[in-house]
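Computation of the quantities below employed the complete heavy-atom set of this structure, encompassing side-chain atoms and omitting hydrogens, waters and symmetry-equivalent molecules. Computed from a predicted model, the values in this text were never measured in an experiment. Positions are given from 1, in the same order as the sequence printed here.
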Amino acid sequence: QAQLVESGGDLVQPGGSLRLSCAASGFTLDSYTIGWFRQAPGKEREAVGCISSSDGSTYYRDSAKGRFTISRDNAKNAAYLQMNSLKPEDTGVYYCAAKRGTIFRLCIVFEAPDYWGQGTQVTVFS
């Protein structure tokens, strides 16, 4: 069964760091654009950033630029979201997604991905 599984969510104080992982099984990630999304309570799901399958180019929402880094390891069939300088407003459930298509289609136009993970909770508390 093809699926994505996130891990690494935790409770962390403001200014702290977390690294989220997204592991794929049942299919190979190398031909998919990967996106990280988050959803805070009472809010819509939003794109945090994406990484392309073709050249590894990335896109980040403004609030993530300079603090978050998306990477991928095709040999491990996985992707990662390194989050530094975390703020309380970063709290939410973080999801990874995979789509055959461009960063524009997944992260900006929000076309439905081919796969969603189940999510991992990140809580930044002060």
Side-chain angles (χ1 to χ4, degrees):
Q1 180 180 358
Q3 61 179 353
L4 294 171
V5 178
E6 302 94 335
S7 62
D10 205 346
L11 298 171
V12 63
Q13 292 186 332
S17 297
L18 282 176
R19 187 188 192 217
L20 306 184
S21 298
C22 173
S25 60
F27 71 106
T28 53
L29 275 178
D30 58 1
S31 59
Y32 289 79
T33 289
I34 299 165
W36 283 96
F37 295 76
R38 67 186 179 194
Q39 188 165 19
K43 295 187 177 181
E44 293 187 353
R45 193 172 298 188
E46 62 185 18
V48 174
C50 282
I51 185 167
S52 73
S53 61
S54 56
D55 59 4
S57 57
T58 54
Y59 160 84
Y60 299 96
R61 67 182 300 109
D62 286 347
S63 62
K65 291 177 182 177
R67 299 189 300 128
F68 293 6
T69 302
I70 297 174
S71 60
R72 62 191 301 158
D73 186 337
N74 290 335
K76 294 184 178 180
N77 214 26
Y80 308 95
L81 176 64
Q82 176 68 43
M83 303 187 292
N84 299 325
S85 302
L86 282 161
K87 304 175 181 180
E89 53 263 42
D90 294 318
T91 294
V93 179
Y94 282 69
Y95 302 87
C96 65
K99 183 176 181 65
R100 287 187 183 270
T102 63
I103 286 177
F104 179 80
R105 292 174 64 189
L106 179 59
C107 253
I108 299 173
V109 181
F110 301 134
E111 289 186 7
D114 298 297
Y115 302 100
W116 277 112
Q118 85 290 347
T120 186
Q121 177 70 46
V122 172
T123 304
V124 185
F125 67 97
S126 55

Measure the CD1-OG1 distance between Ile108 and Thr102 for me, rounded to the nearest 0.5 Å.
8.0 Å
Is NZ or CZ of Arg61 both nearer than 6.0 Å to the six-membered ring centre of Trp36 and within 45° of the ring axis?
no
For Phe27, the ring-ring contact (aromatic ring centres under 6.0 Å, His included) test, sequence neighbours excluded, returns Tyr32, Tyr115
Between the side chains of Ser52 and Ser57, is a donor N or O closer than 3.5 angstrom to an acceptor N or O?
yes
With no hydrogens and no angle check, just 3.5 Å: does a side-chain donor-acceptor pair link Gln121 and Thr123?
yes
Is the shortest heavy-atom distance from the side chain of Glu6 to the side chain of Gln118 under 4.5 Å?
yes
For the residue pair Ile51 and Thr33, establish whether any side-chain heavy-atom pair is separated by less than 4.5 Å.
no
Salt bridge (charged side-chain N to carboxylate O under 4.0 Å, His left out), that's the test. Do Lys87 and Asp90 meet it? Break it down for me.
CA-CA 5 Å; Lys87 304 175 181 180; Asp90 294 318; over 6 Å; no
I need the Ser25 OG to Gln3 CD distance, nearest 0.5 Å.
4.0 Å
Cationic tip of Arg38 above Tyr95 ring, under 6.0 Å, 45° of axis
no
Is any side-chain heavy atom of Tyr80 closer than 4.5 Å to one of Ile70?
no
Closest non-hydrogen atom pair, Ala98 against Leu4:
N-CD1, 3.8 Å
Drop me the distance from Ile103's CD1 to Ser54's OG, to the nearest 0.5 angstrom.
7.5 Å
Lys/Arg N to Asp/Glu carboxylate O, Arg72 vs Asp30, below 4.0 Å
no
In terms of heavy-atom contacts, Ile34 and Ala79 come closest through CD1-CB, 3.6 Å
Are more than 12 heavy atoms, taken from residues, nucleotides or ligands other than Gln13, located less than 6.0 Å from that residue's CD atom?
no
